[in-house]
Number of protein chains: 2
Amino acid sequence: MKNSAMREIPDYLLEKGEFSLYNPLITEGLKKKESLSSAERQKQSRKIISSLEKAVTLSGLRDGMTISFHHHFRDGDYVVNYVIDRLAEMGFKHLRLAASSLTNIHAPLIRHIQNHVIDSIETSGLRGELAEAISKGLMDIPVTFRSHGGRAYAVSSDQLHIDVAFLGAPSCDPFGNANGYSRDTEDTSACGSMGYARVDANYADKVIILTDHIVPYPNIPFGISQYQVDYIVEIPEIGDKNKIMSGATRYTNNPRDLLIAQKAVDVIAASGYFYDGFSLQTGSGGAALATTRFLREKMLARNIKANFALGGITGQIVKLHEEGLIKKLLDVQSFDLDAAESLKNNRFHQQIDANYYADPFSEGSVVNELDVVVLSALEVDTEFNVNVLTGSDGIIRGAIGGHQDTAAGAAFSIVVAPLTRGRNSSILDHVTTLTTPGDTVDVVVTDQGIAVNPLRPEIKERMKKAHIPLSTIEELKEKADKIVGIAEPLPFDDQVVGIVTYRDGSILDVIRKIRSDQ
Amino acid sequence: MKNSAMREIPDYLLEKGEFSLYNPLITEGLKKKESLSSAERQKQSRKIISSLEKAVTLSGLRDGMTISFHHHFRDGDYVVNYVIDRLAEMGFKHLRLAASSLTNIHAPLIRHIQNHVIDSIETSGLRGELAEAISKGLMDIPVTFRSHGGRAYAVSSDQLHIDVAFLGAPSCDPFGNANGYSRDTEDTSACGSMGYARVDANYADKVIILTDHIVPYPNIPFGISQYQVDYIVEIPEIGDKNKIMSGATRYTNNPRDLLIAQKAVDVIAASGYFYDGFSLQTGSGGAALATTRFLREKMLARNIKANFALGGITGQIVKLHEEGLIKKLLDVQSFDLDAAESLKNNRFHQQIDANYYADPFSEGSVVNELDVVVLSALEVDTEFNVNVLTGSDGIIRGAIGGHQDTAAGAAFSIVVAPLTRGRNSSILDHVTTLTTPGDTVDVVVTDQGIAVNPLRPEIKERMKKAHIPLSTIEELKEKADKIVGIAEPLPFDDQVVGIVTYRDGSILDVIRKIRSDQ
């Protein structure tokens with residue numbers, strides 16, 4: 001038999017169905033030769049769609065499907081509201097919104113929930129008006145809260161199937177190489193790493209990039225590859241530049257935070273995990289940030305360098321990297337402009353995705369290689385359980401983030417908190433909401449004392465050797481109770497408004513409706 | 001119902017089977033908290049296996065399965081022979097060997113084919129004794145030849161399912177971050193980009209890294225991510241350093257190559273695709289390499305800069321990049337040490353995988369954004385069809401490589417060849433083996449004349465305008481025939497020894513057994 005190039009092909013080669021005969025004109029989807037120049041092809045890119053509505057129609061989105069977003073623009077994000085407004089206008093209903101997190105700026109979602117455009121939400125956290133309305137019973141279906149690693153696992157294992165991902169990007173070329181900054185124009189906003197967005201780009205059925213800066217091809221190095229992008233929509237503004245990211249994260253001047261940070265560093269130094277080549281992650285709260293500063297002094301004094309820092313990278317961490325004190329940075333989320341700049345310029349500052357960061361079922365995800373993590377908390381209880389999700393009024397005002405993931409992965413996890421906040425104790429018999437199990441929390445550091453988890457007797461011994469004064473967690477609780485008294489039980493109803501999952505997707509706790517006469 | 005953290009969870013939340021109750025002790029595969037330091041975890045990495053045999057057993061490899069290899073070590077590769085020797089000793093039979101390419105160093109495979117350890121082969125090319133033996137009928141099952149883009153597509157679409165990938169890496173950390181060079185030790189060999197290996201790492205069921213340099217965690221930036229690596233085996237030597245990669249690819253001094261290169265550059269300059277912001281790929285043959293040099297002069301003279309160069313990156317291309325003449329480099333395979341060094345040091349020199357490079361079914365693979373590609377050929381025919389696989393004696397001595405992919409993807413493809421080679425013409429009525437269809441080849445440049453494909457009349461016009469003397473392809477053939485005469489038909493038998501596929505996996509041509517009395 002002859003193929004379309006007139007070459008004789010023996011029939012028996014085609015019998016098993018393994019091969020077809022060459023005939024490019026009938027092969028569906030095979031890219032045809034084109035004579036357009038690269039410049040022209042960029043101008044005419046079929047991926048660039050003239051409106052979001054058209055892109056949505058092309059994506060095949062239907063009522064009841066799951067749409068996803070990232071939270072790299074934090075409180076400066078315009079993308080979620082812009083997209084949901086358009087979807088509402090287009091008449092979509094009963095969507096599941098799977099965001100990597102939601103913040104104060106997303107209050108307009110309340111209306112879309114009331115109108116049944118959005119029926120359910122998956123997120124790492126909630127804040128502001130939306131969080132308050134949900135806490136008071138806005139939604140029929142409870143919100144599912146997942147850690148960053150838990151979400152990455154749920155998405156990659158298809159427990160959380162994303163139909164269409166809407167991913168904002170500060171820069172994108174005409175074929176879809178997108179990034180959290182631009183090397184080609186100066187006036188873009190920047191979010192640095194796109195670590196959470198990359199998971200959605202990898203696994204969503206359809207990926208739509210929303211950008212306010214289409215840049216020349218190829219936009220490399222890229223955060224999201226052209227390979228995973230179906231459509232690109234240019235919109236006037238993806239966010240408020242100053243809120244997406246502004247300057248460096250400031251040092252705290254709060255003396256209580258400084259005291260906690262100093263104690264935390266003493267604990268790290270005595271823990272057995274402070275050695276040349278150690279690894280660390282610190283959060284972005286005041287005390288955690290200050291930890292970085294005091295740790296620097298300790299590293300210089302003992303001539304210790306870190307192999308890598310993970311996380312949530314801040315300008316403070318970048319400074320230590322540039323000083324040679326931290327060899328490599330693994331960045332799933334850049335917390336400030338200095339971190340974004342460093343990601344752009346420092347060769348050993350690497351963008352990683354959330355699966356690489358914190359997948360709970362992988363031997364090799366980076367949280368599992370951590371020596372030390374310093375984490376904040378809203379509440380801790382006498383079982384060392386942590387709450388980072390609900391306030392002392394029972395209203396949602398936080399996010400699980402990587403808390404569960406790093407506490408479980410790191411060899412040594414420290415939770416820092418002031419002993420009391422206003423009229424509330426941070427140390428309770430039972431946390432209001434359980435977000436991080438106590439058996440993964442090794443030490444609690446407060447301004448009024450330090451408690452080591454009895455599960456880690458060797459740590460207790462090391463602290464004693466270093467003459468670090470210790471309390472039991474019960475002693476800390478009593479001390480707090482003496483200052484602020486014991487709180488009344490919160491007026492919760494039966495209705496479940498939030499499901500707090502653990503990294504593996506199991507139910508760790510539920511958040512119940514708080515009575516709105518509060 | 002209470003979960004294992006003693007939190008009360010309403011039964012109805014568990015009814016749909018969407019969620020389980022938190023109980024980390026019974027969740028299979030969930031990483032448990034460990035108190036080992038990061039340094040200790042690296043030492044005790046469960047991914048590092050003490051012998052290849054043990055890793056193979058763990059991988060679940062069985063007779064008849066498909067194993068894969070990359071060819072980034074070229075003629076210095078020890079990995080293929082080492083692995084197949086061990087598999088033969090272990091008694092494996094009837095394996096399919098899917099390499100991204102095979103070279104002279106793989107002659108020992110002949111014995112393993114005779115002993116039925118290897119029953120079939122997939123590759124981009126064959127050279128040396130193995131190629132000759134296969135050309136003369138060594139194998140019962142024909143070898144399947146695929147282009148680099150065609151292989152990436154076949155692997156990613158599961159037409160070519162890889163059970164176990166054996167991937168050599170000059171450096172790898174204890175959790176599997178592997179790369180084509182090392183930043184942590186000086187004495188490693190280097191292959192630069194691992195673009196072909198990355199496809200196998202992405203899609204193989206099991207991935208075994210073979211390395212002679214286990215380096216500290218995290219080995220970033222990485223070519224292959226820890227996420228995709230199952231086992232790591234340390235072996236004494238992955239290859240012959242000097243043959244894996246040695247110095248820069250040399251300039252040719254062959255006056256005929258220089259003449260062809262000069263003509264090719266004149267053609268590019270007149271083609272309409274030589275503009276500020278154009279893009280290019282050049283091969284590594286003598287004439288193609290020299291093209292880069294002459295192109296540089298033309299770019300300087302006309303003040304034209306390229307947006308990007310693709311491919312097969314050479315030291316010459318790197319020089320243009322470092323001079324600011326080529327903005328970005330997209331590197332699927334580094335051709336020399338200068339290219340590998342640049343990949344390590346230049347921020348805009350990006351490692352890409354073979355899907356990103358040349359997937360035939362993607363709107364966005366980079367070959368589709370090329371303006372100009374300069375390709376070599378063993379034979380061209382009067383339909384502009386090209387043969388890069390079999391010599392004039394009918395014996396296999398080449399590789400498809402990215403030839404098909406770039407010819408089809410680029411707006412303008414130039415094939416360079418000397419008009420005659422020894423007593424053989426390069427221009428025939430019909431190429432011995434069809435590897436690149438003529439309708440994707442735009443111009444043929446020889447030392448004795450230039451022919452434009454009649455499918456591109458606008459190119460012919462532009463050449464005329466630039467006073468570039470043209471011949472028809474038939475005139476070139478006649479000229480060659482006058483010099484060397486017309487060759488006798490080759491003594492082929494009926495038996496098919498090779499199947500040449502097009503990018504989409506269809507059969508473009510077959511290679512028949514050459515009689516060994518030759």
Side-chain angles (χ1 to χ4, degrees), chain A residues 3 5 7 9-10 13 19-22 27 29-31 33-39 41 46-47 175-176 216-218 220-221 225-227 273 277-279 307-308 328 330 347-348 350 355-356 360-364 368-371 408 411 434 437 440 496 499 502 504 506-510, chain B residues 3 5 7 9-10 13 19-22 27 29-31 33-39 41 46-47 175-176 216-218 220-221 225-227 273 277-279 307-308 328 330 347-348 350 355-356 360-364 368-371 408 411 434 437 440 496 499 502 504 506-510:
Chain A
N3 66 14
R7 311 296 287 198
I9 312 297
L13 291 177
F19 295 104
S20 60
L21 270 190
Y22 171 72
T27 306
L30 181 66
K31 192 73 174 48
K33 173 120 180 145
E34 280 184 58
S35 59
L36 285 177
S37 72
S38 173
R41 292 187 200 195
R46 268 161 282 208
K47 285 192 184 177
F175 297 108
Y217 184 87
I220 61 153
S225 150
Q226 59 186 29
Y227 217 78
Y273 297 102
F278 84 117
S279 54
N307 243 2
F308 69 91
K328 296 176 178 180
L330 300 173
R347 189 69 197 237
F348 288 120
Q350 175 135 342
N355 285 98
Y356 191 92
F361 289 96
S362 159
E363 182 67 33
N368 296 332
E369 310 319 323
L370 267 181
D371 281 304
L434 170 56
T440 62
V496 173
I499 295 172
Y502 192 55
D504 60 356
S506 64
I507 304 186
L508 188 56
D509 203 356
V510 294
Chain B
N3 66 14
R7 310 297 286 199
I9 312 296
L13 291 178
F19 296 105
S20 60
L21 270 188
Y22 170 73
T27 307
L30 181 66
K31 191 73 175 48
K33 172 121 180 145
E34 279 184 59
S35 60
L36 286 178
S37 71
S38 173
R41 293 187 199 193
R46 271 162 279 209
K47 285 192 184 177
F175 297 107
Y217 184 85
I220 61 151
S225 149
Q226 59 186 28
Y227 217 78
Y273 297 101
F278 84 117
S279 55
N307 242 3
F308 69 90
K328 295 176 179 179
L330 299 174
R347 189 68 197 238
F348 289 119
Q350 176 136 340
N355 284 100
Y356 191 91
F361 289 95
S362 158
E363 182 68 32
N368 295 332
E369 311 318 323
L370 266 180
D371 280 304
L434 170 56
T440 62
V496 172
I499 295 172
Y502 192 55
D504 60 356
S506 64
I507 304 186
L508 188 56
D509 203 355
V510 294

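Order of the sequence lines sets the chain letters (A, B, ...), proteins ahead of strands, with each chain counted from 1. Predicted, not measured: the structure shown is a model, and the values here were computed from it.
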Heavy-atom pair count under 4.5 Å with chain A, highest-scoring of [options]:
options: B/Ser225, B/Ala411, B/Pro360; result: B/Ala411
options: B/Ile220, B/Val510, B/Asp371; result: B/Ile220
options: B/Thr27, B/Ile507, B/Leu434; result: B/Ile507

Pick one of side chain, backbone, both or neither for [X], based on which atoms fall under 4.5 Å of a heavy atom in chain B.
X: A/Leu36; answer: backbone
X: A/Asp509; answer: both
X: A/Phe308; answer: side chain
X: A/Tyr502; answer: side chain
X: A/Tyr217; answer: both
X: A/Leu330; answer: side chain

Among [options], who wins on heavy-atom pairs under 4.5 Å with chain B?
options: A/Ser279, A/Pro218, A/Ala408; value: A/Pro218
options: A/Pro437, A/Gly29, A/Ser35, A/Gly277; value: A/Ser35
options: A/Phe19, A/Tyr356, A/Phe278; value: A/Tyr356
options: A/Asn355, A/Ile499, A/Leu21; value: A/Asn355
options: A/Ala5, A/Pro221, A/Pro10; value: A/Pro221

Gap separating the CG atom of A/Asn368 from the OG atom of B/Ser38, nearest 0.5 angstrom
10.5 Å
Point-to-point distance, once rounded to the nearest 0.5 Å, from CG of B/Leu370 to CG of B/Asn307:
11.5 Å
Before accepting this row, confirm whether a basic side-chain N of the pair B/Glu369/B/Lys328 lies closer than 4.0 Å to the acidic partner's carboxylate O.
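A salt bridge is absent here (no side-chain N lies under 4.0 Å from a carboxylate O).
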Quick one: does any side-chain atom of A/Arg7 pair with a main-chain N or O of A/Tyr22 as donor and acceptor, under 3.5 Å?
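Not at all, since once roles are kept as given, no pair shorter than 3.5 Å links the two residues.
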